[in-house]
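Reading through the structure tokens given below for one structure.
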Amino acid sequence: MDSCLKIGIICHPTYGGSGVVASELALSLADEGHCVHLFSHDVPPRLARSPGPVEVHVAQGVPYPLFHSTPHDLAITSRILDLHRSTGLDILHAHYALPHAVSAILARDAARSDCSDRPPPRVVTTLHGTDITLVGNEPSYHPLTQYTIRASDAVTTVSSALAERTRENFGDGKQCPFDIDVIPNFVDLETFRPNGQADGPPSAVHVSNFRRVKRVPWLVRAFAEASEGTDAHLTLVGDGPEQDEARRVAQEHGLAGRVRFLGMRDALPELLSPADVYALTSQDESFGLSALEAMACATPVVATDVGGVGEVVVDGVTGFLAPADDRAAYAAKLRALLVDRERAREMGRAARARCEEHFERRRIVAHYTDLYRRLLIEDRTPTGRP
Ligand code: GMT
């Protein structure tokens, strides 16, 4: 087997979560000398900013009056198949079950039916969170999501908690068990690093897509309690459906001068590093990549104890965890770090050390390449998945 692999990565072109992980993985694999193609319906922002040698294939499809909406996922599948036929792909790595695992499985099975000596690519599906907890669990998508999990050659999740949820939501008990490899998310410790200490008033920062699951209005209320009697500031980075409500809550609590809404920003290390604390208030969160990026910048995290967040943040060491239904407890922990900068810095140092020890980019990327190679070896033995 060649040491350089031909890898196709399929992802949502998003600012957050799965799009970031897929883009950073693509760049890291290309950096290691693999031939990497990334398929999406737009260019993911983290990739757009990189001069790296990943080949990006944007497939959007063409509108046709019979289509209710343009099926970009079919255009992506077609583009993958075309590339496989012309140059060959060893691995197709889908990020987020729907629709990408469907595209990958369909492309693999179409390649199987080609009259060609070229072996079909092996399919790896990485589950990220709401593809299992919300979207895939919705009855109209559940059967297909379950099929993608079974029909992939390997499935990974970004935390043990998400692996557990996947088994709960999609397992069939003993009749149809499936293996899941837990490969946590990673962070580039060069890009995300401590960069000077905060001057001025104490500050908390939060980055998200302001979807309901992130509970940004809840965070603004908690911050109002936590910062009472102080001149602490809260910086909110990102945009999404709940931004208007969060602004309204800030207004209602007279926080207009102390809560800043920055909108979408690329300069995350510069925003995360000077903050005294990173605030995460999600109702559910399989991992919490933004919290990891903050920790790499030596910013401690106060988070709700949901999903896989406890696999990232160590309560009392790299920040604090609080129950998601106890705003007063959350606010008290946030306050503890806003009023005690020395303690925040100490926890920040522990947070950085945890990233170095457990979430360093190269080490985690090696788990993926090991998995790819394992699949390609299994391919030549009768023990691989059918
Ligand atoms: O599942 C989502 O909400 C989408 C995803 C994304 O694309 O933004 O976020 C998820 O994947 C991230 C990367 O693996 C994780 O860090 C997030 O915790 C996870 N979000 C949730 O579980 C809510």
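All heavy atoms count here, side chains included; hydrogens, waters and symmetry mates do not. Indexing begins at 1, ligand by ligand and atom by atom, following the structure's order.
No close placement of the H95 and H12 rings is indicated, their centers lying 6.0 Å or farther apart. Ring pair H142/F170: centre-to-centre distance below 6.0 Å. In this structure, the ring of H206 has its center no less than 6.0 angstrom from the ring center of F223.
Applying the salt bridge (charged side-chain N to carboxylate O under 4.0 Å, His left out) test between E293 and each of R361, R352, R46 identifies R46 as the sole match. Test L89, D90, L29 against I7 for side chain to side chain contact (heavy atoms under 4.5 Å, CB included) and you get one pass: L29.
For ligand 1, residues of the protein lying within 4.0 angstrom by heavy-atom distance are G16, G17, S18, V21, Y96, H128, G129, T130, V158, N185, R211, D284, E285, S286, F287, G288, L289.
Side chains of T156 and T126: a donor on one and an acceptor on the other come within 3.5 Å.
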